[in-house]
Structure formats: structure tokens, C-alpha cells
Amino acid sequence: MSDDGSKATDGRATDAPAGSGAVTASIEALFSEDRTFPPPEDFVARANVNDRSLHDEAAADVLAFWARQADALDWVRRWDSVLEWNLPFAQWFVGGSLNVSYNCVDRHVLAGRGDKVAFYWEGEPGDARTITYGELLDEVQRFANVLKGLGVTRGDRVCIYMPMVPEVVVAMLACTRIGAAHSVVFGGFSAGALRDRINDADAKVLVTADAGWRRGKPSPLKPNADVALADCPSVSGVVVVDRCGTDPDMVEGRDWWWHDLVPAADPACEPEAMGSEDLLYLLYTSGTTAKPKGIMHTTGGYLTQVAYTHKFVFDLHPDDDVYWCAADVGWVTGHSYIVYGPLANGATSVLYEGTPDHPARDRWWSIVQRYGVTILYCAPTAIRTFMKWGTQEPEKHDLSSLRLLGSVGEPINPEAWMWYALHIGGARCPIVDTWWQTETGGIMISPLPGLTTTKPGSATHPLPGISAEVVDDDGNVVEVGGGYLTISQPWPSMLRGIYGDPDRYAETYWSRFPGRYFAGDGAKLDEDGYLWLLGRVDDVMNVSGHRVSTTEVESALVDHPTVAEAAVVGANDETTGQAIIAYVTLKGGQEPSDERGEDLRRHVATRIGPIARPKTLVFTDDLPKTRSGKIMRRLLRDVAEGRVLGDTTTLADPAVVEEIARRAAAAPAEG
Ligand code: WT7
């Protein structure tokens with residue numbers, strides 16, 4: 001088991017942090033006597049789910065249950081069989097066909113809701129756009145025709161490398177309209193990371209922008225894309241949104257401006273009827289090796305589960321709610337809960353381009369007030385950052401429109417949960433702590449806010465239709481206590497594989513516990529049957545809710561000409577969940593120095609992206625290894641977290657780790 005579980009320990013809520021009198025006074029009202037949080041009565045009264053009927057239906061006949069959820073979508077042809085399960089390969093709604101953009105846009109317009117707002121978009125500089133479903137339909141069709149004009153056909157891949165502007169949603173939906181799969185690469189990734197993902201996917205077209213606004217400055221994208229494209233023979237066309245007016249280089253015959261092509265494009269494009277199991281998108285995520293995995297999601301099952309979870313976990317009332325998922329569209333949270341789930345359900349969403357501290361640290365709360373946001377979904381790392389900034393920031397604004405809060409990406413520690421509940425939710429809003437992964441496609445474990453009594457720090461129970469179980473080392477089901485989180489039955493939005501590597505799919509997810517999907521997370525079940533997620537048990541770090549592979553950072557480090565060897569671990573961090581700590585041995589003749597350390601950190605940021613930049617870099621003459629040569633990351637984590645060193649008897653040279661501990665204590669860290 002990982003020792004990173006200290007963040008979510010027991011079911012006890014901690015005392016409220018000091019805040020304004022009004023807010024602290026209501027803390028007692030928030031909890032029942034056993035320090036649990038039952039759903040507020042007025043919330044229950046209006047909730048989409050306030051009894052066990054969904055659970056009962058799913059327990060009675062899980063396939064019939066999922067078929068009913070799939071019936072909420074519009075199908076061109078209904079499926080012949082709900083599930084074909086050939087472990088570990090699942091096919092859902094086999095024989096069915098549908099189009100995702102039709103389900104997300106056309107059908108709402110056809111139902112007379114063309115004037116309903118799909119997105120209230122706000123750029124970081126304060127510029128804003130309101131995009132209705134009708135306008136979205138127009139743009140999507142035009143851009144679909146632009147893609148066709150660039151030679152994209154059904155079955156092709158399109159790479160999207162963009163800031164949080166409305167065009168990113170248009171580009172994704174346009175791909176689905178013509179049956180091309182998209183691969184969105186987070187705008188914070190480097191040119192090298194972009195290049196590798198384009199090449200792995202063999203993408204034909206890249207959609208990008210000159211730059212996006214970040215903390216008041218344009219953060220360049222097109223220049224990175226140009227570096228990447230020098231080594232991407234598959235890309236024949238590039239479409240560029242002019243977001244910041246930075247006047248990037250444009251390659252004649254390859255690069256096109258969005259504003260030239262889209263207005264001139266044919267405004268009508270029939271949606272392709274896609275097979276339920278046709279590829280919808282690829283999304284790359286870090287695993288335990290240096291090579292990111294192209295997670296494959298398909299069409300019918302994915303859309304079914306994201307629409308279902310979005311409706312019930314967020315208790316969506318599409319006519320009343322203003323929903324805001326503050327993730328970046330470059331991560332799976334953005335795919336499932338900014339784009340596909342909310343649009344399939346006809347929601348009105350907020351889309352915000354920039355950082356939470358521009359121009360000031362109350363930007364989010366200003367947005368909540370101005371748009372009347374009712375549902376807010378964000379990551380614990382953001383909440384902890386807001387805690388650090390202080391209650392005076394949210395107190396500058398009227399947050400009374402909020403009625404439900406969500407959390408995702410990492411375990412939420414009870415302190416952050418309480419702060420969120422009190423200072424953002426005004427002791428009035430249920431919190432849904434949603435556990436899921438890029439691979440699961442949609443939410444798997446979460447409270448249902450009108451039904452579930454929550455405990456701060458626990459994601460509570462699997463959703464109706466989902467079979468999650470904790471098992472011990474031997475794969476035996478654990479009733480109470482700790483172990484590994486597994487999923488024991490296929491689910492509609494599960495990954496269908498790793499692009500180009502079926503063996504790695506079976507090996508990574510299905511080999512550790514036969515017949516079960518192993519999530520890579522530790523988990524514990526308490527006496528009341530509540531699930532507590534305890535973080536990763538593999539060599540994957542979780543930094544600010546983003547997955548970073550230790551091996552990937554190590555390989556970026558050893559790729560530097562001065563580095564002989566590197567070991568990377570994630571250490572508990574108050575704000576970011578985990579922080580990246582790198583131990584580096586330089587080649588003979590190279591001298592450690594602060595400048596060298598800074599240089600190596602920068603090197604990692606350039607190779608992978610700023611999120612992978614180590615917070616601390618410790619130079620060491622040797623790394624702690626077993627006699628067979630395996631680096632003992634556990635000891636390095638102990639060092640990084642300042643713990644008394646564990647068992648060192650299996651080390652080839654126990655003195656090594658003492659020396660590292662001494663140096664680590666003296667190493668500079670970024671704030
Ligand atoms: C890993 C998946 C799901 C979208 C964002 C991250 C961790 C995610 C929770 C939660 C505890 C969580 C797990 C998981 N995780 N949500 N509510 N409580 N841990 O997606 O990058 O695929 O990472 O994030 O460790 O395995 P991802």
C-alpha cells in the first residue's frame with residue numbers, strides 16, 4: 001500500500017477553520033450529531049434522485065438499467081445487444097448508431113431550445129461571449145466542413161491544442177459530427193509532448209491558437225506547435241484561432257486562420273451516423289512507463305454514462321442551473337463534464353479561460369456572482385489554494401446562487417472539504433466528491449446529492465450501475481478495511497484500450513487481479529460501508545489533480561547530457577496534493593550547483609510541460625537500490641516527507657540513504 005493515504009484518514013470532520021462569525025456559527029447546523037452531512041431537506045425535495053429507486057433498478061438488472069440510461073439519447077439505430085463482454089474487451093450498445101454532436105446540439109435546437117445559452121464564456125482579460133445552442137450548431141457545422149475541406153474523413157484523427165476558448169468545444173464537436181476522433185492535448189504541454197501525441201495518433205490536422213491568456217500575458221501555443229510539427233509528417237493542415245493577436249508564423253499551404261475559413265464555410269453539414277463502438281476520442285495520460293498511453297473512448301457507451309452521471313451526480317435541472325466545471329478541457333474532466341455530459345443534457349455552462357488570480361484572487365467568486373452559478377465543480381488543489389488566500393476573497397461576493405459543490409482529481413482532505421462547505425457553500429450546499437479516471441471516462445464513485453449522507457473526505461459509494469470493490473493483495477474482497485480499488489463489472493464509458501497497444505491494455509489494467517479492472521488506487525471501506533480513496537499505489541504522482549508519471553520525469557532528467565541517473569517520487573504537499581521531488585546523480589566531472597538544479601528543472605518543464613517541473617531537486621552521489629538494482633522509491637518518499645527511515649536492510653548500501661536525507665534537508669524548494 002502507498003503511504004500517501006494520510007490525507008484522508010478517518011471519518012471525523014475537523015473543526016471549522018476560523019472564518020467570519022456568521023459562517024462559523026452555522027457549522028453546528030451543518031452536521032448531524034455523528035459528524036456526517038445528510039442532504040439538506042429543501043435540496044432533497046427538488047432532487048433528481050431522492051430515493052433508492054436507481055440503486056434498486058440497477059441491482060435488479062444492470063443491463064436493463066444501462067439500456068434505460070442510453071434511451072435518454074437519440075439513436076439513429078437502436079442497439080441489438082446492450083453488452084458484449086469478452087474480458088477485458090467490452091462492447092456496449094452493439095449494433096446501435098448515433099451521432100454525438102447531434103445529441104449534444106441539434107436535438108436541443110430541434111426541440112425549440114436554440115436560444116438557450118450553452119456557454120457563458122469569459123476570457124481572462126474580461127472579454128465575454130454568450131453562445132446559444134443555435135449558434136453552437138452553426139459553428140460546429142461550419143467547422144465540420146472546414147475539416148472536410150482539409151481532407152479529414154470518418155475514421156481520421158484530429159489533434160486539438162488550444163486554450164479555453166469556445167472554439168475548442170466547436171472543434172471537438174465538429175470532429176464528432178464527421179466521425180473523426182479528436183486527441184486534445186492540454187495547452188500546458190510542451191512541443192515535445194505535443195509531437196509525441198500527434199505522431200502516436202497519426203493525426204491529419206492540428207487545431208490550435210496563436211496563444212491563450214494566462215496571468216495577463218499571452219501564453220504561446222502556435223510557436224510550440226511549429227516546433228512539434230517539424231517532426232510530424234502526418235499533419236497536412238493546421239487551423240489557428242487568433243486569440244491574442246501575437247502574429248505567429250504561418251506556413252503557406254499548411255496553416256489557415258480560423259477567422260478566414262469558418263465564416264466562408266458551408267453552414268450545413270449532416271451528422272454522420274457512427275457505430276456505438278466507433279472511436280470518439282483519444283486522450284493521453286501518464287502511466288508507470290515513460291510513454292503516455294492513448295486512452296480510447298468510443299461513442300454510445302461513453303455518451304450514455306457521462307450524460308447519466310452529469311444529470312444525477314450534479315442534480316442538473318437544465319432550465320434553472322448555471323453549471324461551472326472549472327477544469328481545463330485538455331483533461332478528461334473537461335471532456336466529460338465541460339463538453340459531452342453538460343451538452344448532452346442541454347445544460348447552461350460557464351467556460352472561463354484564465355487563472356483564478358487574475359486580475360485578483362477573487363476572480364472565481366466574481367464569476368459565480370455575475371453569472372449566478374448554481375453548481376461548481378473543481379479540484380481539491382484549487383480549494384486548498386483558496387484556503388491559503390483567505391476567506392476575505394469569497395466574502396467579497398454574493399455566492400448565494402450556489403446550491404451544489406463538486407470535487408474531483410484527488411482525495412479531498414476533510415479540512416478542505418469543510419472549508420469548501422462553509423466558505424463557498426455557505427453551509428447550504430451538498431458536496432459531491434467524485435472518484436473516476438481518464439480510463440473510466442465518467443464518474444464511478446460519488447454521493448447522489450439528494451440521497452447520500454456524506455462524510456468529509458469520503459467519495460461514499462459506487463453509483464447505481466457501478467460495481468466497485470476493495471480487494472486485498474490476493475484479490476479477496478475486503479468488507480471493512482484497506483486494500484486496492486477494483487471494478488468488477490464492465491461499465492459503459494470504460495476505456496476500450498490503449499491506442500495501438502492492446503497487450504498493454506490487458507497487462508496494465510486487468511492482470512494484477514484476474515477478472516477485475518485495477519484502478520491503481522488504494523482504498524479503504526469503513527464500518528459504515530463508506531469508501532475512502534487513499535491515492536495511487538503505483539509509480540504515478542498526482543500533482544494538483546493531474547497525473548504525472550515518475551518514470552516520465554526520470555526519463556526527461558536522464559535525457560539531459562549532464563545527468564547519469566535520476567529517481568523521482570511524489571511527496572505529500574499541502575497545496576498540490578503531491579509535489580515532485582527529484583534525486584539526481586550527475587555524470588563524472590559535473591558539479592552540483594543551484595544553477596544546475598534550476599537548469600534541470602527547466603529542462604523537465606521544456607520536455608514535458610510546467611506541471612512536471614520538480615519542486616525540489618536533490619543532488620546525490622548514489623541512489624538507494626536493492627541488491628538487484630531496483631531503486632527504492634519508498635525510502636526516497638520517506639526522505640522527502642521527513643519520516644523516520646523505514647527498513648533499509650535490503651539496500652545494497654544503507655549509508656546512501658542517510659547521505660541523501662542530509663542533502664534533501666538542505667535542498668532549495670520552489671514555493
Ligand atoms: C486518478 C485519476 C477524474 C478526472 C481527473 C483525474 C485520483 C480522481 C479522485 C477522488 C480520490 C481521486 C485517483 C485516480 N482521483 N478523483 N475524488 N478522490 N482520488 O483524472 O488524471 O485520470 O487521474 O486521480 O488517484 O486514479 P486522471
Side-chain angles (χ1 to χ4, degrees), residues 1-2 4-9 184 186 188-189 283-288 292-295 297 305-306 309-310 313 325-341 377-383 405-414 416-417 420 431-447 454-463 468 470 484-487 493-495 498 508-509 517-524 530-549 552 570 576-578 609 611-612:
M1 288 285 307
S2 140
D4 299 331
S6 50
K7 281 170 279 179
T9 42
V184 181
F186 172 56
F189 276 123
L283 184 57
Y284 287 82
T285 188
S286 294
T288 53
K293 304 174 283 197
I295 301 300
H297 283 293
Q305 189 168 337
V306 298
T309 49
H310 183 258
V313 171
C325 167
D328 192 283
V329 77
W331 309 108
V332 74
T333 309
H335 285 59
S336 300
Y337 299 108
I338 292 176
V339 181
Y340 294 116
Y377 190 32
C378 69
T381 186
I383 300 162
L405 303 175
S407 169
V408 62
E410 52 179 316
I412 178 164
N413 48 309
W417 196 105
Y420 197 27
I431 295 182
V432 287
D433 173 5
T434 62
W435 181 90
W436 58 294
Q437 306 180 296
T438 305
E439 291 88 341
T440 70
I443 297 171
M444 303 290 279
I445 302 171
S446 167
T454 54
K455 298 186 185 189
S458 165
T460 72
H461 311 292
L463 290 175
V470 178
Y484 305 93
L485 181 68
T486 67
I487 315 292
S493 65
M494 66 190 273
L495 76 164
I498 297 172
T508 307
Y509 303 105
Y517 171 86
F518 175 41
D521 281 41
K524 154 184 126 169
Y530 280 66
L531 271 165
W532 298 78
L533 278 307
L534 302 175
R536 304 286 306 193
V537 296
D538 54 12
D539 292 330
V540 174
M541 299 172 286
N542 188 325
V543 183
S544 299
H546 301 313
R547 220 199 274 193
V548 183
S549 153
E552 211 178 336
T576 58
Q578 286 190 311
I611 50 163

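Hydrogens, waters and symmetry mates play no part in the numbers below; they use all other heavy atoms, side chains included. Atoms within each ligand, like the ligands themselves, are counted from 1 in listed order.
R547 NE, 3.5 Å is the protein heavy atom nearest to atom 23 (O) of ligand 1. Regarding atom 10 (C) of ligand 1, its nearest protein heavy-atom neighbour is E410 O, 3.5 Å. Atom 16 (N) of ligand 1 has its closest protein heavy atom at G409 N, 3.1 Å. For atom 25 (O) of ligand 1, the nearest protein heavy atom (residue, atom name, distance) is D521 OD2, 2.8 Å. Closest to atom 11 (C) of ligand 1, if we only count protein heavy atoms, is P411 N, 3.1 Å.
Residue T438 has at least one nitrogen or oxygen atom sitting less than 3.5 Å from a nitrogen or oxygen atom of ligand 1, judged on distance alone. Considering backbone and side-chain N/O of H546, none are found under 3.5 Å from N/O of ligand 1. For the pair T434 and ligand 1, the shortest N or O to N or O distance falls below 3.5 Å. At least one N or O atom of D433 sits closer than 3.5 Å to an N or O atom of ligand 1. Below 3.5 Å of separation, one finds no N or O of L533 facing any N or O of ligand 1.
Listed for the Q437 side chain is a donor-acceptor partner under 3.5 Å among the backbone atoms of A519. Of the possible donor and acceptor atoms, none in the side chain of T576 sits under 3.5 Å from a partner among the backbone N and O of V543. Looking at E552, its side chain never comes within 3.5 Å of a backbone N or O of P292 through a donor-acceptor pair. A donor-acceptor distance shorter than 3.5 angstrom exists from the side chain of T434 to the backbone of S407, with no hydrogens or angles considered.
Counting heavy atoms closer than 4.0 Å to ligand 1, residue I445 contributes nothing at all. Within the 4.0 Å heavy-atom criterion, both parts of Q437, backbone and side chain, lie near ligand 1. By the criterion of a heavy-atom distance under 4.0 Å, neither the backbone nor the side chain of A459 is placed next to ligand 1.
Nearest approach of V537 to G522, heavy atoms of both residues: CG1-N, 3.5 Å. Contact detail for V329 and V184: the closest heavy-atom pair is O-CG1, 4.0 Å. Across all their heavy atoms, L283 and W331 have their closest contact at CD2-C, 3.9 Å. Contact between S493 and G442 at its shortest, heavy atoms only, is OG-N, 3.3 Å.
By the 4.5 Å heavy-atom criterion applied to side chains, T333 and C325 are counted as neighbours.
Remark: ligand 1 atoms within the under-4.0 Å shell around heavy atoms of V408 are 3 (C), 4 (C). If you number the atoms of ligand 1 from 1 as listed, the ones under 4.0 Å from a heavy atom of N542 come out as 7 (C), 24 (O). Residue contact check: V332 has heavy atoms under 4.0 Å from atoms 4 (C) of ligand 1. The atoms of ligand 1 that sit less than 4.0 Å from any heavy atom of T333 are 4 (C), 5 (C).
Considering each of Y337, W331, W436, the one bringing a non-hydrogen atom nearest atom 3 (C) of ligand 1 is W436.
For T309 and Y337, the side-chain atoms include at least one donor-acceptor pair closer than 3.5 Å.
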Given E439 and K293, is the side-chain contact (heavy atoms from CB on, under 4.5 Å) satisfied, shown in steps?
-> CA-CA 10 Å; E439 291 88 341; K293 304 174 283 197; 3.9 Å; yes
